[in-house]
Amino acid sequence: MIRQSALSVAVSSLAVLLGCHGGKDVKSDDPYSPDRIASVARNLKFHKVVIHPYTVDKSIEEPGTAATDCSAATLAYLVEKNLFSSVQLTAAAPADPDTLVVDADVQALRIVSGGARFWGGAFVGSSHMTLVVVATDASGIAVGHRAVSDANNAMGAAWSFGKTDRGLPGDMGLLVADAIIQLAQRSPGSNRGQ
C-alpha cells in the first residue's frame, strides 16, 4: 500500500513538472500586443517584407530542417501580427522601395537528438542556435543587422523529453521576427547602433 502511494505521488509529481516545464509558452510572453502593434506601425519605415530562404554556414554538419523550420516560424508570426501590408518568403528580388529585404544565416546550431536526450538526459547539454539577420532596402542599401541567439535549458529539455530541443528552431523564428520588426523601423543607411 505504501509503495502504491509513493508511486502515485511520484507519477503525479512528474505530470505536474512536465506541465510546468514543457517548453516555452511564447503566447503568454508575446511582446506584440494589439496596442504595441499600433504603436510600432506608426514608426515603420518599411511596410512590406521579403524574406529570402535562410542559409546555413558550411561549418554546420547535418543542420536538418532547422533553418526551414525557423524561417517558417518567422513568416507565420509576422503574418499573424498583421503589422506589414505584405510578408513573403521568396528568393525573388523586390523592386518596391517600401520593401525590407531580409537575409538570415544560421551561424551556430546544435539540436540534441531525441535518442541522446532519452539516454543522456541533461548530461548531454543544451541545444542552441545563432543566426545573423541582415536587412537591406530593395536597392541593396544596408538598413542594419542583428545577431539572434537562444539556447534551451538542458534540465528542462530532459524533463520535457526533448520538446524544447525540437522546438528551438520555432522559438528562434519568433526572435528573428522581432529583429525584423525592429529593423523595419530604421531608415536605410542610418548609423544608429546595429
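Keep in mind that what you see is a predicted model, and the values were worked out from it rather than measured.
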Verify the cluster assignment for [X] and [Y]: are they in a single hydrophobic cluster under the rule of side-chain heavy atoms below 4.5 Å apart?
| X | Y | result |
| --- | --- | --- |
| Val50 | Tyr54 | no |
| Ile60 | Met129 | yes |
| Leu75 | Val134 | no |
| Tyr77 | Val40 | yes |
| Val101 | Ile181 | no |

For the [atom1] atom of [X] and the [atom2] atom of [Y], what is their distance to the nearest 0.5 Å?
| X | Y | atom1 | atom2 | value |
| --- | --- | --- | --- | --- |
| Asn152 | Arg110 | CG | CZ | 9.0 Å |
| Arg36 | Leu83 | CZ | CG | 10.0 Å |
| Thr55 | Gln107 | OG1 | CD | 8.0 Å |
| Thr136 | Leu100 | OG1 | CG | 7.0 Å |
| His52 | Asp103 | NE2 | CG | 5.5 Å |

Item to check | Identified side chain to side chain contact (heavy atoms under 4.5 Å, CB included) partner of Leu78 from the options Asp178, Val87, Leu174, Val176 | outcome: Val87

Which pair of non-hydrogen atoms, one from [X] and one from [Y], has the smallest distance, and what is that distance?
| X | Y | value |
| --- | --- | --- |
| Ser187 | Lys45 | OG-CE, 3.3 Å |
| Gly170 | Ala73 | O-CB, 3.5 Å |
| Ala151 | His128 | CB-CB, 3.8 Å |
| Leu175 | Ser149 | CD1-O, 4.1 Å |
| Pro169 | Asp69 | CB-CB, 3.9 Å |
| Val143 | Leu183 | CG1-O, 3.4 Å |

Expected output: side-chain [X] to main-chain [Y] donor-acceptor under 3.5 Å:
| X | Y | answer |
| --- | --- | --- |
| Lys81 | Tyr32 | yes |
| Ser85 | His47 | yes |
| Asp105 | Val132 | no |

Checklist entry - Picking from Asp96, Asp98, Asp137, what satisfies salt bridge (Lys or Arg N to Asp or Glu O under 4.0 Å) with Lys48? => result Asp96

Checklist entry - Can you tell if the side chain of Ser71 reaches within under 4.5 Å of the side chain of Leu89, non-hydrogen atoms only? => result yes

Checklist entry - Do Cys70 and Leu131 come close enough that some side-chain heavy atom pair is under 4.5 Å? => result yes

Checklist entry - Can Asp35 and Ser33 be counted as having a side-chain donor-acceptor contact under 3.5 angstrom? => result no

